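Because the structure is a prediction, the values reported are computed rather than measured.
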Amino acid sequence: MFSKAFSRRSVLTGATAISTAALLPRASLADWRPTETVRVIVPAAAGGTTDVMGRLLAAHLQSAWGQSAVVENRSGGGGTIGTVEVIRQKGDGHTILIGNPGPNAIAYSIFRNLNYKADQLHAVSNLIRTPNIVSAHPSTGIKSIAELIAYIKANPDKLNYASSGVGQSPHLTGAWFLQLTGLKMVHVPFRGAGPALQAALAGDIQILFDNLYPSLPQTQEGKLNALCVTTPERSAVAPDIPTMRESAPELAKFDVSSWFGVLVPKATPAPIVDALNREIKTMLEREDVKKTIAAMGARPDWGTPQQYADFIQAETTKFAEIIKREGLQMDVN
């Protein structure tokens with residue numbers, strides 16, 4: 001996900017990581033376990049999906065490794081404050097970042113004054129992916145993306161759409177939809193998903209681009225009309241809602257999701273990364289964790305460090321192109 005960011009292969013390798021590994025005994029790396037409290041940095045406030053996944057991982061690691069694991073919420077700056085906190089730490093396996101598209105893909109293109117680079121982090125694995133959802137206020141009569149496209153063509157500049165904020169994944173979902181279809185809607189950004197949803201429910205805005213939750217329950221109760229989900233596949237918790245890809249030929253490659261994964265400081269040796277990666281896989285295979293993830297409308301998305309690095313690279317590139325077309329530039333607050 002970003003043209004300015006990488007030397008992306010260096011997310012996974014590098015002279016610093018190699019030299020750090022060389023200083024540690026081979027046996028200690030092969031059987032690596034933490035020797036002090038593990039800090040799981042969540043670059044968001046408590047209660048959101050990033051926080052939930054951080055707490056699930058911390059609880060699992062504490063049980064698996066027999067060492068205390070604590071969650072620290074370092075919100076602010078669109079997730080950049082918590083990310084910088086991790087980058088500053090030793091690459092010794094004792095500080096872990098729960099990443100998401102904002103600070104780990106979108107930030108590289110949208111912020112003029114970003115004070116870190118992608119190659120300062122080492123990809124470990126993704127945890128989950130969840131769709132975004134597009135919905136309409138019932139007063140519009142719009143019940144599908146095809147109907148939305150037809151309405152905009154017949155009534156240019158009549159509709160507005162809400163998101164959780166400029167540069168957030170839902171906003172860029174809407175921007176990409178409009179870019180691909182060549183249509184226009186007025187974007188109305190809010191300070192968070194909650195206010196945007198309330199505006200949609202009140203009919204103050206007509207179209208809402210949001211994460212699957214908390215919008216899905218509102219569509220199930222008929223308070224909003226669900227138009228589509230934004231992943232290539234339909235959601236298991238809402239299989240009746242079509243995908244964006246199904247809606248029009250120009251949207252055939254549409255793929256936007258919210259994702260939450262694990263990164264560590266660049267200097268972390270590969271054997272430590274692999275030990276953490278194995279525990280992530282074990283956690284995601286647990287039946288209780290599967291049920292928790294399913295209840296969030298998400299799906300597990302474990303992969304190797306290389307696969308996660310490649311995924312982040314692709315996401316960074318995709319969002320960079322959308323941001324460039326929109327002419328979006330911001331400063332970290």
Side-chain angles (χ1 to χ4, degrees), residues 1-6 8 11 41-45 48-54 74-84 86-87 97-111 114 116-118 120-121 123-134 163-177 179 189 192-193 196 209-213 215 229-232 244 253-263 293 296-301 303 307-326 328-330 332:
M1 309 187 282
F2 284 32
S3 58
K4 296 181 183 177
F6 295 91
R8 295 172 170 116
V11 171
I41 306 297
V42 171
T49 304
T50 314
D51 182 63
V52 170
M53 295 312 300
R74 298 292 184 96
S75 61
T80 63
I81 291 175
T83 302
V84 169
V86 172
I87 287 171
L97 174 69
I98 304 299
N100 64 64
N104 302 120
I106 295 170
Y108 302 117
S109 287
I110 204 165
F111 289 129
L114 190 66
Y116 62 88
K117 297 180 180 180
Q120 293 177 277
L121 290 166
V124 180
S125 172
N126 203 19
L127 294 168
I128 62 169
R129 292 183 68 181
T130 184
N132 288 340
I133 184 173
V134 187
S163 79
S164 54
V166 175
Q168 299 297 311
S169 171
H171 170 213
L172 297 182
T173 300
W176 197 23
F177 163 73
Q179 289 172 4
F209 287 79
D210 193 12
N211 298 140
L212 189 64
Y213 284 90
S215 281
V229 294
T230 60
T231 42
M244 183 78 85
K253 294 183 178 181
F254 205 94
D255 180 6
V256 177
S257 62
S258 291
W259 46 267
F260 306 86
V262 176
L263 302 104
I293 291 172
M296 297 161 59
R299 64 176 177 83
D301 195 38
Q307 287 170 333
Y308 190 35
D310 289 345
F311 172 73
I312 292 175
Q313 174 181 339
E315 288 283 281
T316 300
T317 300
K318 175 179 69 183
F319 282 121
E321 292 171 354
I322 297 169
I323 290 165
K324 183 178 180 179
R325 290 192 198 111
E326 287 296 293
L328 292 173
Q329 284 283 274
M330 302 169 60
V332 177

Q. Which heavy atom in Pro43 sits nearest to a heavy atom in Ile41, and how many Å separate them?
A. CD-O, 3.6 Å

**Q.** Qualifying residue for side chain to side chain contact (heavy atoms under 4.5 Å, CB included) with Ser109, from Ile322, Ile323, Leu114, Thr317
**A.** Ile323

Q: Could I get the full list of side-chain hydrogen bond (donor to acceptor under 3.5 Å, both in side chains) partners for Glu321, not counting sequence neighbours?
A: none

**Q.** Heavy-atom pair with the smallest gap, counting every atom of Tyr308 and Val124
**A.** CD2-N, 3.8 Å

Q.
Could you report the tightest heavy-atom contact between Ile106 and Ser169, atom names first, then the distance?
A. CD1-N, 4.1 Å

Q) Out of curiosity, Leu127 CG to Thr50 OG1, how far, rounded to the nearest 0.5 Å? A) 10.0 Å

Q) If you take all heavy atoms of Trp176 and Lys253, which pair is closest and at what distance? A) CH2-O, 3.9 Å

**Q.** For Asn211, all residues meeting side-chain contact (heavy atoms from CB on, under 4.5 Å), sequence neighbours excluded
**A.** Asn132, Pro170, Ser258

Q) Can you say whether the rings of Trp259 and Phe311 are parallel (under 30°), tilted (30 to 60°) or perpendicular (over 60°)? A) perpendicular

Q | Asp301: side-chain contact (heavy atoms from CB on, under 4.5 Å) partners, not counting sequence neighbours | A | Asn126, Arg129, Arg299

Q | Pairing residues for Ser163 by the side-chain hydrogen bond (donor to acceptor under 3.5 Å, both in side chains) criterion, not counting sequence neighbours | A | His187

(Q) On a heavy-atom basis, which atom in Thr130 and which in Ala298 lie closest, and how many Å separate them? (A) CB-CB, 3.8 Å

Q | side-chain contact (heavy atoms from CB on, under 4.5 Å) involving Ser125 - partner list, sequence neighbours excluded | A | Asn277, Ile280, Trp302

Q: Could you check Asp255 against Thr230 for side-chain contact (heavy atoms from CB on, under 4.5 Å), going step by step and ending with a plain yes or no?
A: CA-CA 6 Å; Asp255 180 6; Thr230 60; over 6 Å; no

**Q.** Partners meeting side-chain contact (heavy atoms from CB on, under 4.5 Å) with Ile81 (sequence neighbours left out)
**A.** none

